[in-house]
There are 2 protein chains.
Amino acid sequence: MKRAIGRKRRHNEAKILAAAETVFAERGFAAATTSAIARLAGMPKANLHYYFRTKQALYDRVLDEILALWIDTAEAIRPAADPKTALSDYIAAKFEFSRRRPQASKVFANEILHGAPRVHRRLRGDLKAWLEAKCAVIEGWIASGRMAPVDPKHLFFIIWAATQTYADFDVQVEVMLDRRRLKSRDFDAASALLRRMVLRSCGLA
Amino acid sequence: MKRAIGRKRRHNEAKILAAAETVFAERGFAAATTSAIARLAGMPKANLHYYFRTKQALYDRVLDEILALWIDTAEAIRPAADPKTALSDYIAAKFEFSRRRPQASKVFANEILHGAPRVHRRLRGDLKAWLEAKCAVIEGWIASGRMAPVDPKHLFFIIWAATQTYADFDVQVEVMLDRRRLKSRDFDAASALLRRMVLRSCGLA
DNA sequence: GTCTATATATCGATAGAC
DNA sequence: GTCTATCGATATATAGAC
């Protein structure tokens with residue numbers, strides 16, 4: 001029966017993690033309560049604490065899953081790729097993430113906004129190494145004359161900011177666009193504009 | 001003695017408001033404690049509650065002051081202005097705000113990130129009207145052939161995101177740039193890149 | 001206006017029966 | 001594994017002396 005028990009654990013952990021992402025996104029870590037997360041997951045608070053001993057441990061798990069998704073969005077940035085296609089695909093992937101997982105984006109934004117207390121170590125470690133590898137790809141394109149000289153790090157910062165604002169600050173965008181919820185065409189318009197801004201500043205359009 | 005009393009009140013309120021901006025920025029509304037704000041302001045917690053009856057009222061006052069500053073940054077966007085100069089000045093003013101008042105930017109970011117519970121009404125009211133007036137200026141420039149057609153609202157969203165990320169997510173930028181604190185040259189580099197992106201996408205460079 | 005002490009409420013976490 | 005009841009810690013807000 002070991003396997004069946006493990007399956008139940010995985011099932012309940014998944015329900016808790018999904019509920020936690022929502023509540024952490026809506027309220028932030030401090031204001032999020034384990035009882036609210038448990039209620040959304042459909043179980044008593046004590047059960048949540050049976051699967052995740054502390055709120056902090058639960059939060060760390062949520063954050064870990066989000067970071068993995070975040071890294072995946074930059075798959076297109078490879079040395080052999082065409083710069084124009086790669087940058088376009090990256091922008092599209094980042095917007096797609098904002099559209100599909102706004103709550104995940106908000107949890108990450110809240111973490112960084114308040115000083116990255118939990119991801120600071122990873123930020124200085126593998127995430128910084130990851131960014132530098134991606135920047136080296138762009139530097140390579142520049143060195144071989146395939147695109148205009150641009151500071152690659154600031155280019156990433158601006159692409160992150162522009163794409164994530166449609167998830168993190170969706171309320172503001174929705175109000176200003178007179179939408180109850182952002183539509184596909186809103187993401188398309190934003191994506192087209194950012195793409196144009198990036199490509200032209202890189203001498204690719 | 002009425003005037004002297006009023007002066008003392010204003011002095012203490014200003015100290016509390018400054019401390020509150022810092023604490024709200026670092027921890028968010030929920031995690032901020034009135035005792036931490038009072039300690040930073042150099043007075044017992046009870047005194048803070050004498051000047052601001054509730055934490056919520058104090059937060060609302062902090063937010064009001066920030067919104068006023070935020071609106072002021074777009075002064076350059078006027079019908080009679082030259083589009084290239086106006087957009088360049090606006091980008092510079094927004095970066096200057098991120099550089100000088102990162103805590104104010106963070107308080108605002110946190111408010112929007114969690115659904116704008118306190119500024120939702122103003123967002124739909126005067127802030128939306130303000131944005132639409134600014135967008136009308138840009139539409140005017142486009143109609144008279146002074147710049148290329150661009151969706152002005154998305155242009156604003158991207159400029160806001162790109163400039164504010166250097167305040168709101170400064171920790172991430174600092175780590176990635178190997179800085180203990182962001183330097184003037186970092187803001188200059190970011191500003192130059194965003195300016196180039198905006199001007200080229202608007203057919204102004 | 002200022003300060004100490006405290007009432008009241010809420011939340012994270014656990015004990016212990018089932 | 002699940003659930004009810006509860007402990008202990010912490011926070012907002014105020015009472016009341018000075």
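Computed from a predicted structure; not experimentally measured. So you know, we letter chains A, B, ... as the sequences are listed, proteins then strands, and number each from 1.
- When the C1' atom of C/dC11 is taken as reference, atom CD of A/Q56 falls 15 Å away, rounded to whole Å.
- A pairwise comparison of heavy atoms in B/F95 and B/S191 identifies CE1-CA, 3.4 Å as the closest pair.
- The separation between B/I16 atom CD1 and D/dA13 atom P is 13 Å, rounded to whole Å.
- Every side chain to side chain donor-acceptor pair (under 3.5 Å) that B/R195 has, sequence neighbours left out, goes to B/S88.
- Relative orientation of the A/Y59 and A/F24 rings is perpendicular, given thresholds of 30° and 60° on the angle between their planes.
- Whole-Å rounding puts the B/L58 CG to D/dA13 P distance at 10 Å.
- The list of salt bridge (Lys or Arg N to Asp or Glu O under 4.0 Å) pairs with a residue in residues 161-179 of chain B, not counting sequence neighbours, reads A/K128-B/D178, B/K106-B/D170, B/R179-B/D186.
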Would you mind writing out the side-chain donor-acceptor pairs for residues 149-162 of chain A within the sub-3.5 Å range, not counting sequence neighbours?
residue, atom, partner, partner atom, Å
A/D151, OD1, A/K153, N, 3.2
A/D151, OD1, A/H154, N, 3.3
A/K153, NZ, B/M176, O, 2.8
A/H154, ND1, B/Y166, OH, 2.7
A/W160, NE1, A/Y90, OH, 2.8

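- Look at NZ on A/K55: it is 8 Å from C1' on C/dG12, rounded to the nearest Å.
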What does the list of N/O pairs under 3.5 Å between the protein and nucleotides 14-18 of chain D look like, with a distance for each?
residue, atom, partner, partner atom, Å
D/dT14, OP1, B/R53, NH1, 2.5
D/dT14, OP2, B/R53, NH1, 3.4

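- The residue B/F52 sits apart from the nucleic acid: no heavy atom pair falls under 4.0 Å.
- Among pairs with a residue in residues 79-97 of chain B, those fulfilling salt bridge (Lys or Arg N to Asp or Glu O under 4.0 Å) read B/E96-B/R99, B/E96-B/R100, at least two apart in sequence or across chains.
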Enumerate, atom names and distances included, each donor-acceptor pair closer than 3.5 Å involving a side-chain atom of residues 26-44 of chain B, sequence neighbours excluded.
residue, atom, partner, partner atom, Å
B/T33, OG1, B/A36, N, 3.1
B/T34, OG1, B/H49, NE2, 3.4

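- Rounded to whole Å, atom P of D/dG1 lies 13 Å from atom CZ of A/R7.
- Taking atom NZ of residue A/K15 and atom C1' of nucleotide D/dG1, one finds them 13 Å apart after rounding to whole Å.
- Counting only residues at least two apart or in different chains, salt bridge (Lys or Arg N to Asp or Glu O under 4.0 Å) contacts with residues 63-77 of chain B comprise B/D64-B/R122.
- Take A/H114 and apply the ring-ring contact (aromatic ring centres under 6.0 Å, His included) test, not counting sequence neighbours, and it matches no residue.
- As rounded to whole Å, 10 Å separates atom P of D/dT12 from atom CG of B/L48.
- A heavy atom lying under 4.0 Å from DNA chain D marks the following residues of residues 22-42 of chain B, by number: B/A32, B/T33, B/T34.
- Atom C1' of nucleotide D/dA13 and atom CG of B/N47 are separated by 14 Å, given to the nearest angstrom.
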